[in-house]
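In what follows, chains are A, B, ... by sequence order, proteins preceding strands, each numbered from 1. What's counted below: heavy atoms across the whole structure, side chains too, no hydrogens, waters or symmetry copies.
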Protein chains: 2
Amino acid sequence: MAREAARHEEDTTMTDAAAPARRPTVYDVAQQAGVSIASVSFAFRHPERLTDATRERVLAAARRLGYAPSAAARGLARGRTGTLGLHAFDLMLERADPGARADDEQSAVHRPTLGGGGVIPWGMTDDETLSDPRAFPLYVDEIQRGFALECWMMGRPVMVTSGSDSDVSIADTAGRVDGLAIFPTDALPSALSRVTVTIPTVLFSVAPDDDPYHRVRVDNRGGIRALIDHLVDDHGIDDIAFVGRLESTDGTERFGEYLASLRRWGLRPRPEPIDATVKGEHRLIEQLNALIDAGALPDALVCSTDQHALLAIDLLSARGLRVPEDVVVTGFDGILAGRLSTPTLTTVRQPMEAMGRAAARILAGQAGPLPDGQARFDAVFAPQLVVRRSCGC
Amino acid sequence: MAREAARHEEDTTMTDAAAPARRPTVYDVAQQAGVSIASVSFAFRHPERLTDATRERVLAAARRLGYAPSAAARGLARGRTGTLGLHAFDLMLERADPGARADDEQSAVHRPTLGGGGVIPWGMTDDETLSDPRAFPLYVDEIQRGFALECWMMGRPVMVTSGSDSDVSIADTAGRVDGLAIFPTDALPSALSRVTVTIPTVLFSVAPDDDPYHRVRVDNRGGIRALIDHLVDDHGIDDIAFVGRLESTDGTERFGEYLASLRRWGLRPRPEPIDATVKGEHRLIEQLNALIDAGALPDALVCSTDQHALLAIDLLSARGLRVPEDVVVTGFDGILAGRLSTPTLTTVRQPMEAMGRAAARILAGQAGPLPDGQARFDAVFAPQLVVRRSCGC
DNA sequence: TTGTACGCGTTATCAC
DNA sequence: GTGATAACGCGTACAA
């Protein structure tokens, strides 16, 4: 008898007595059913190779013992885990603990006592904060939903992770999955350069340089062009400023097309975007206030994201300015919060679910053949102009 | 030299030549860095035990090779995967492919060609269907968000799965995680009885019988009571019907409290709920139509979920009836769609994010000590009455 | 501080 | 059809 079997036999005996909740293994099931471990494995992976009687005997024993095959062992033996991953950098953590951004520790999310026995009062749940449509669902959430939907349809588990831009963080995630989709960050993390060699990877953005990653992205230029054409052509607006940040490639593309579109209409763009960087104090707040104080506010603010646009609307309202009567404000992304704001937000909607689904199919190898001569997928989705109230329509 | 090392050396040579994208292992890194595999492992798990020079040399080699430690191997060695899981039964698949329910195959979700080269047109993305607030975010999505948030804060990966009510499906998920949270289903799957023995499990509902699972749930009775008190006391309504299904324990609790509350007010409840079963044709549709045709519509419909309520409002509108003028309609859950409907929906909101977070903390062993004499957590959250337009307010 | 050797639970390849 | 056994890659006790 092999050493493993010996060990297991011994442990099993112990388990029968004290039941220390050790997870049962093939050895335990094999012993219970009076077969070899190979038959146990076959009963789950190749049922047709076993006699009906044997298979039933094995499955019955497995049921009795509460046996669940270890995915870790299977992954090790097969060389693949079967799961697809979706990784976000600290981006998400910022949302996770709204209080962490502010200085006061009191605003941190509550952790009600769960063993208390009584009903946990509403006030301990922070539901007002967590359920704010401004915080959920966002761009990442809709992408994630599409990714998860497609994975479910393909019968594959999804692993969702988040971490910092470090080798360890990204490598840890990469070590758990067969394929990895990564959300864009402002500065595309350097850690990425070591992951892809061995694992298929999709980025939800254009990357700064040439690399082997698949791409799933939106036609930023087409979206901004449609938006500016609407503002200029349908509303006759000619003084348009851009609100955003240029750290991300999406932001750069959108700002670039803002410049190009205005020039195409013979208008003069503002050479620098109004900075919407979030770190520390919102720079958008001080810059917008400065423009208002100087009486230099443009007729329209074309914002790089819906979140910037909603923040701008708040700010303008607080200063007594009306949107769209005094200033037109538009967004980009098409998150749900833009349907709930006052006024409702004119924006460029990305087909986020479809993009998430595309990423999953690429990683699962279900995306069809690569185009001739291409080493990777580069799926570019058309966005759609969504006209609501904030542009004056 | 051990057999493993021999194999790896051989493979590495092959890799250097043809680069068949085999994932690098500790052996590869050790060889590159000129150290033993133990040092490689230490460099990642116990950095302090290594000389700075050695550690850096190892990490550099790992970077160069694109090494990511295999979670499968680590999980096998340690006996734990480190991940927490969230499992849904076919529930989700129904949402995944709206076309699958209908008979016509044309309504299935599109799968645009991704290697085509051009921009994928908007019409291929099904965005109108997928982004409908009626479909997302729902109860499960908000729970999931809370679960993921808490896991992220604890630095744990999340695994999201979906499957049928079979031993294999639930066991497969259970084999991948250290703890498992499970969404309620109408009939609590029998497969559950074999999982928990070895893995901590949380159910988001009351279960029918006595079992070892942890619970995270809402105070259904308190919620319905507050709602009915509002309808009777503030609006003077006395003919109230209940819309729902009794297959789930949540539904049963809510219906039970509907009966109790009406009796407490001295009113006569309808002994049977209006059946909102979805299978096949919506029975709610035919039953409501029958009530309308018979002139037997009650003054108010208290629905077991927001989704039922929204469907009822659609139906009543289609028949030319006004909500709330002709019939009052209320929901339960507090999903976002209830803020976007016409009229906006009066409902009982569950603190879904908080419930998802509670489940994650319980599974991670971060929920504090168990109450005296209890073998499991049973966290009951208070819901909150959200008064909007559909009740006549 | 670093290296060696073994075990983790499964799958797959062979004999029988 | 069933059983024995060798990988799979990592963590770690123990030896050096």
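- In this structure, Tyr27(A) does not reach the dA4(D) phosphate: none of its side-chain N or O atoms is under 4.0 Å from OP1 or OP2.
- OP1 or OP2 of dT2(D) sits under 4.0 Å from a side-chain N or O of Thr51(A).
- Put simply, Thr54(B) has no side-chain N or O that comes within less than 4.0 Å of OP1 or OP2 on dT1(C).
- Residues Asp172(A) and Arg176(A) are paired through a salt bridge, judged by an N-O separation under 4.0 Å between the basic side chain and the carboxylate.
- Set against dG3(D), dG9(D), dT10(C), the side chain of Pro69(A) has dT10(C) as its closest nucleotide.
- Over its length, the helix from dT1(C)-dA16(D) to dC16(C)-dG1(D) turns its helix axis by 30°, as judged from the five terminal pairs at each end, rounded to 10°.
- For Phe147(B) and Phe204(B), the ring centers sit 6.0 Å or farther from each other.
- Checked against dT2(C), dG9(D), dG3(D), the side chain of Ser70(B) finds its nearest nucleotide in dG9(D).
- Spacing between atom CD of Glu48(B) and atom P of dT12(D) amounts to 11 Å, rounded to whole angstrom units.
- Phosphate contact (OP1/OP2 of dG3(C), side-chain N/O of Ser36(B), threshold under 4.0 Å): present.
- When side chains are defined from C-beta on, Val26(B) counts as touching Tyr67(B), because their heavy atoms get closer than 4.5 Å.
- Listed by first then second residue, pairs satisfying side chain to side chain donor-acceptor pair (under 3.5 Å) with a partner in residues 75-88 of chain B read Thr81(B)-Thr83(B), Thr81(B)-Asp178(B), His87(B)-Thr161(B), His87(B)-Thr173(B), not counting sequence neighbours.
- Ranked by how close their nearest DNA chain C nucleotide is to the 5' end, Leu50(B) and Ala71(A) are led by Leu50(B).
- Aromatic ring pairs are classed by plane angle as parallel below 30°, tilted from 30° to 60° and perpendicular above 60°; the pair His214(A) and Phe377(A) is tilted.
- Not one N or O on the side chain of Thr51(A) forms a donor-acceptor pair closer than 3.5 Å with the backbone of Ala53(A).
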Close N or O pairs between protein and nucleotides 12-16 of chain C (under 3.5 Å):
unit_1  : atom_1 : unit_2   : atom_2 : d
dA12(C) : OP2    : His46(A) : NE2    : 3.4

